[in-house]
Visitor: 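Quick one: this structure, given as structure tokens, is what I'll be asking you about.
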Amino acid sequence: MKRILIFLFLIKCSFSFAQNIDLTSVDEFLKVSDLLKMKKEVNVEQWHQLDSSTAYSIFAHSKDNTIINIVKTTMQDVFGYSDNKGQINNDGWLETLIKANFEEIKRNYSEIKKFRDSYDFKSLILNAKSRLQTFLRCDSLNTSVKWKPVYFLFLNADGKDMEEALVIDFNLIYRMTEEQRINFLAHEFFHVYRAHFENHDFNYANDINFMLDMIANEGIADQIDKYMGYEEYYSTVSRSQKLAEEFVSLYSNAPKDIAILQTIIVQYAEQKIDKDTCVDKLLKIYKYNGHALGFYMSQQIINAGLKKEMLESFYNPYEFYRLYHMATNKNNGSPSSKEFMNYLKRITEQYY
């Protein structure tokens, strides 16, 4: 289980709105980058203020400080000291994404600061929850759900549902349209909302359960903000042609990968491979938390006219796979293996 959870981890409040929004990491980033842009020295205390700000402290307190160290080194590389140029590991995927984001921040620096001071974040929260309610086709959202606070920072152009909060890149929100912002945050709120209903004992029992559930989780959530398809989303929203090409490729390969996933699971169920081998094989097709696999499945479910049923059972992984099985029959696709469905029913029925 550690392999997946550590991976997920890697991809106090002086300013807040009713404890929903926190911008302290944005503010500390701007303070430090202002100094760097003026070629002034950033002292130990000023770096500490950045490290201890609400969102960045999550990464500063991690086991090896990898992410916060990349942030600080990249800030110096992009905004300040010329003698730091070239110290970034340009071959690193995360380093490359963060550096590209910071370079864009530098180009739009004054406008980003104006946006920070003028944007109505409270309305964004309300509108995103309204969008989620509309998506789920319910009269109202369950009032017992405990909503996580939203922490903004500058990192890479993405958002993460973490244990402490939703952590979202401020530059990504800045450059989006208002509709895109609402949809993006509604996607993240879906994960929080679903967590209230899903069975954590099942999800966190082992890596296999976790992956099977996350495919369903992300597959439904992507229908909130990526319904137009990965090509358009990653080209226009994330503005990354590389990511667009990668996700389009993963989506195209999804039918084949879903069949492979089922074969691997059946091999494990029949004790032909052990759990570690099963997980190792699954990780080869479980890319980006299973987004593309789940999105393909949810799209097939919708194409088969089963969206209502999918949303009614949004927290139940077995129902998601069952509806996909029904959809493939309706859409003349390749149905799920009976052995896989029997195994999935058996391991979920005591929880759902």
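None of these values were measured; they are calculated from a predicted model.
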Visitor: Applying salt bridge (Lys or Arg N to Asp or Glu O under 4.0 Å) to E104 and R175, what does each step give before you reach the verdict?
Guide: CA-CA 10 Å; E104 186 177 276; R175 72 190 190 193; 2.6 Å; yes
Visitor: Please round to the nearest 0.5 Å and tell me the distance separating atom CD of E103 and atom CG of N171.
Guide: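 Here the interatomic distance stands at 12.0 Å.
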Visitor: Is there a side-chain contact between Y315 and N217 in this structure, where contact means two heavy atoms from C-beta onward sitting under 4.5 Å apart?
Guide: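 Not touching, per the 4.5 Å side-chain cut-off.
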Visitor: Check for me, please, whether V44 and L35 land in the same ILVMFWY cluster - side-chain distances under 4.5 Å, paths through other members count.
Guide: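 The answer is no; the residues belong to distinct hydrophobic clusters.
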Visitor: Could you tell me how the ring of W147 sits relative to the ring of F189: parallel (under 30°), tilted (30 to 60°) or perpendicular (over 60°)?
Guide: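 W147 vs F189 ring planes: perpendicular.
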Visitor: Tell me whether the centres of the aromatic rings in Y204 and F210 are closer together than 6.0 Å.
Guide: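 So the answer is yes for these two rings.
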Visitor: When rounded to the nearest 0.5 angstrom, what distance separates CD1 in I302 from CG in N331?
Guide: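 The CG atom of N331 is 11.5 Å from CD1 of I302, to the nearest 0.5 Å.
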Visitor: So do P149 and N20 actually touch side chain to side chain, heavy atoms under 4.5 Å?
Guide: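 Of all side-chain heavy-atom pairs linking P149 with N20, none is under 4.5 Å.
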Visitor: Would a hydrophobic clustering, with Ile, Leu, Val, Met, Phe, Trp and Tyr connected at side-chain separations under 4.5 Å, put L126 with V150?
Guide: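 No, because L126 and V150 fall into different hydrophobic clusters, even though each may have its own neighbours under 4.5 Å.
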Visitor: Looking only at non-hydrogen atoms, find the nearest pair between N289 and M214 and report the distance.
Guide: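 Minimum heavy-atom contact is O-CG, 3.3 Å.
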Visitor: Is any side-chain N of the basic residue among K72 and D51 closer than 4.0 Å to the acidic one's carboxylate O?
Guide: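 Salt bridge between K72 and D51, a charged N being under 4.0 Å from a carboxylate O: yes.
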Visitor: Going through the checks in order, is the ring-ring contact (aromatic ring centres under 6.0 Å, His included) test met by F314 and F197?
Guide: CA-CA 9 Å; F314 66 92; F197 299 95; 5.6 Å; yes
Visitor: Hey, which of F295, F247, Y234 is the one that makes ring-ring contact (aromatic ring centres under 6.0 Å, His included) with Y288?
Guide: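 Among F295, F247, Y234, the one that satisfies the ring-ring contact (aromatic ring centres under 6.0 Å, His included) with Y288 is F247.
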Visitor: Hey, does I220 have a side-chain heavy atom less than 4.5 Å from the side chain of Q223?
Guide: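 The answer is no; the side chains never approach within 4.5 Å.
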Visitor: Test side chain to side chain contact (heavy atoms under 4.5 Å, CB included) on V32 and F79 and set out the steps.
Guide: CA-CA 9 Å; V32 172; F79 294 102; over 6 Å; no
Visitor: For a 4.5 angstrom cut-off between non-hydrogen side-chain atoms, does K281 reach Y268?
Guide: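 Result no, sub-4.5 Å side-chain heavy-atom pair not found.
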Visitor: Please find the pair of heavy atoms, one from I68 and one from A60, that lie closest to each other, and give the distance.
Guide: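 Residues I68 and A60, closest heavy atoms: CG2-CA, 3.7 Å.
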Visitor: Take S313 and N316 through the side-chain hydrogen bond (donor to acceptor under 3.5 Å, both in side chains) test and state the conclusion after the steps.
Guide: CA-CA 6 Å; S313 59; N316 187 327; over 6 Å; no
Visitor: Taking side chain to side chain contact (heavy atoms under 4.5 Å, CB included) as the criterion, tell me which of I168, T54, D22 meets it with F152.
Guide: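 The passing option is I168.
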Visitor: What's the spacing between I112 CD1 and D117 CG if we round to 0.5 Å?
Guide: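 Answer rounded to 0.5 Å: 12.5 Å.
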Visitor: Between L166 and Y151, is any pair of side-chain heavy atoms under 4.5 Å apart?
Guide: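 Heavy-atom side-chain distance check fails, nothing below 4.5 Å.
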Visitor: Start with the C-alpha gap between F59 and N65, add the side-chain angles, then the distance that decides, and say whether side chain to side chain contact (heavy atoms under 4.5 Å, CB included) holds.
Guide: CA-CA 6 Å; F59 302 105; N65 293 329; over 6 Å; no
Visitor: May I ask you to check whether F115 and F170 place their ring centers less than 6.0 Å from one another?
Guide: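 Yes, they do, as the ring centres are separated by less than 6.0 Å.
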Visitor: On a heavy-atom basis, which atom in M162 and which in V167 lie closest, and how many Å separate them?
Guide: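 Result for this residue pair: SD-CG2, 3.8 Å.
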Visitor: Less than 3.5 Å apart, any donor N or O on the side chain of T24 or E28 sitting next to an acceptor on the other?
Guide: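 Absent: no donor and acceptor within the cut-off.
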Visitor: Could K37 and Y109 be counted as a cation-pi pair, given that NZ or CZ must be under 6.0 Å from the ring centre and within 45° of the axis?
Guide: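 Cation-pi check for K37 and Y109: passes.
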Visitor: For the pair E246 and K242, find out whether any cationic side-chain nitrogen is under 4.0 Å from an anionic carboxylate oxygen.
Guide: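 Between K242 and E246 there is no salt bridge, as every charged N stays at least 4.0 Å from the carboxylate O atoms.
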Visitor: Decide, yes or no, whether a salt bridge links D27 with R116 under the criterion of side-chain N to carboxylate O below 4.0 Å.
Guide: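 Counted as a salt bridge, because a side-chain N and a carboxylate O are separated by less than 4.0 Å.
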Visitor: Check the pair K287, D257 against salt bridge (Lys or Arg N to Asp or Glu O under 4.0 Å), reporting the backbone distance first and the verdict last.
Guide: CA-CA 10 Å; K287 308 294 185 182; D257 287 339; over 6 Å; no
Visitor: Closest heavy-atom contact between R194 and A216?
Guide: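 Of all heavy-atom pairs spanning R194 and A216, the closest is NH2-CB, 4.1 Å.
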Visitor: Mind checking the OH-CG spacing from Y193 to L132? Nearest 0.5 Å is all I need.
Guide: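 CG of L132 is found 7.0 Å from OH of Y193.
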Visitor: Heavy atoms, side chains only, cut-off 4.5 Å: are I258 and Y324 in contact?
Guide: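 Contact flag for I258/Y324 side chains = yes.
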Visitor: Return the CD1 to CE distance between I70 and M75, rounded to the nearest 0.5 Å.
Guide: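 The CD1 atom of I70 sits 14.0 Å away from the CE atom of M75.
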Visitor: Examine the side chains of Q299 and N303 and answer whether a donor and an acceptor come within less than 3.5 Å of each other.
Guide: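 Per modelled atom types, Q299 and N303 side chains form a pair under 3.5 Å.
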Visitor: State, with a plain yes or no, whether a side-chain heavy atom of K146 is found less than 4.5 Å away from one of V192.
Guide: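 Heavy-atom side-chain distance check fails, nothing below 4.5 Å.
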Visitor: So with a 6.0 Å cut-off around CD of E45, is the heavy-atom count from everything else above 12?
Guide: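 Counting other residues, nucleotides and ligands, CD of E45 exceeds 12 neighbours.
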Visitor: Are F102 and F29 near enough that their ring centres are under 6.0 Å apart?
Guide: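 Here the rings of F29 and F102 have centres that are less than 6.0 Å from each other.
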Visitor: If every non-hydrogen atom of H196 is compared with every non-hydrogen atom of S144, which pair is closest and at what distance?
Guide: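 Looking at all heavy atoms of both residues, the shortest contact is NE2-OG, 3.1 Å.
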Visitor: Can E218 and H191 be counted as having a side-chain donor-acceptor contact under 3.5 angstrom?
Guide: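 Checked: E218/H191 side chains pair up, N/O donor to acceptor below 3.5 Å.
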Visitor: List the steps, then state whether side-chain hydrogen bond (donor to acceptor under 3.5 Å, both in side chains) holds for T328 with Q300.
Guide: CA-CA 7 Å; T328 55; Q300 296 306 304; over 6 Å; no
Visitor: Do D77 and T74 have side-chain N/O donor and acceptor atoms under 3.5 Å apart?
Guide: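 No, no side-chain donor-acceptor pair sits under 3.5 Å.
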Visitor: For the pair D225 and M176, evaluate side chain to side chain contact (heavy atoms under 4.5 Å, CB included) and give the outcome as yes or no after the intermediate values.
Guide: CA-CA 12 Å; D225 60 334; M176 284 177 166; over 6 Å; no
Visitor: For R181 and E178: C-alpha separation, side-chain torsions, deciding distance, then whether salt bridge (Lys or Arg N to Asp or Glu O under 4.0 Å) applies.
Guide: CA-CA 5 Å; R181 291 174 191 133; E178 188 63 11; 2.8 Å; yes
Visitor: Does F202 form a side chain to side chain contact (heavy atoms under 4.5 Å, CB included) with Y318? I'd like the steps, not just the answer.
Guide: CA-CA 11 Å; F202 171 80; Y318 174 74; over 6 Å; no
Visitor: After noting the C-alpha distance and the side-chain angles of Y230 and D222, does the key distance pass the side-chain hydrogen bond (donor to acceptor under 3.5 Å, both in side chains) rule?
Guide: CA-CA 9 Å; Y230 284 147; D222 275 359; 2.8 Å; yes
Visitor: What I want to check is whether the side chains of N209 and N203 have a donor and an acceptor closer together than 3.5 Å.
Guide: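 The answer is no; no qualifying pair exists.
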Visitor: Would you say D169 and N156 are linked by a side-chain donor-acceptor pair, where the criterion is simply a distance under 3.5 Å?
Guide: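 The criterion, which ignores hydrogens and geometry beyond distance, is not satisfied for D169 and N156.
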Visitor: Using the side chain to side chain donor-acceptor pair (under 3.5 Å) rule, collect all pairs that involve residues 333-352, keeping only residues at least two apart or in two chains.
Guide: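 Applying side chain to side chain donor-acceptor pair (under 3.5 Å) to every pair that reaches into residues 333-352, excluding sequence neighbours, yields Q262-S336.
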Visitor: Nearest 0.5 Å please: distance from the CG atom of L124 over to the CD1 atom of I173.
Guide: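 If we round to the nearest 0.5 Å, L124:CG and I173:CD1 are 6.0 Å apart.
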Visitor: Do K307 and R137 come within less than 4.5 Å of each other through their side chains, counting heavy atoms only?
Guide: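 Contact flag for K307/R137 side chains = yes.
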Visitor: Looking at F190, I'd like to know if the NZ or CZ of R131 sits under 6.0 Å from its six-membered ring centre while staying within 45 degrees of the ring's axis.
Guide: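 Verdict for F190: no cation-pi partner in R131.
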Visitor: Establish, from distance only, whether the side-chain atoms of Q133 and S140 form a donor-acceptor pair under 3.5 Å.
Guide: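 No - no donor-acceptor pair under 3.5 Å links their side chains.
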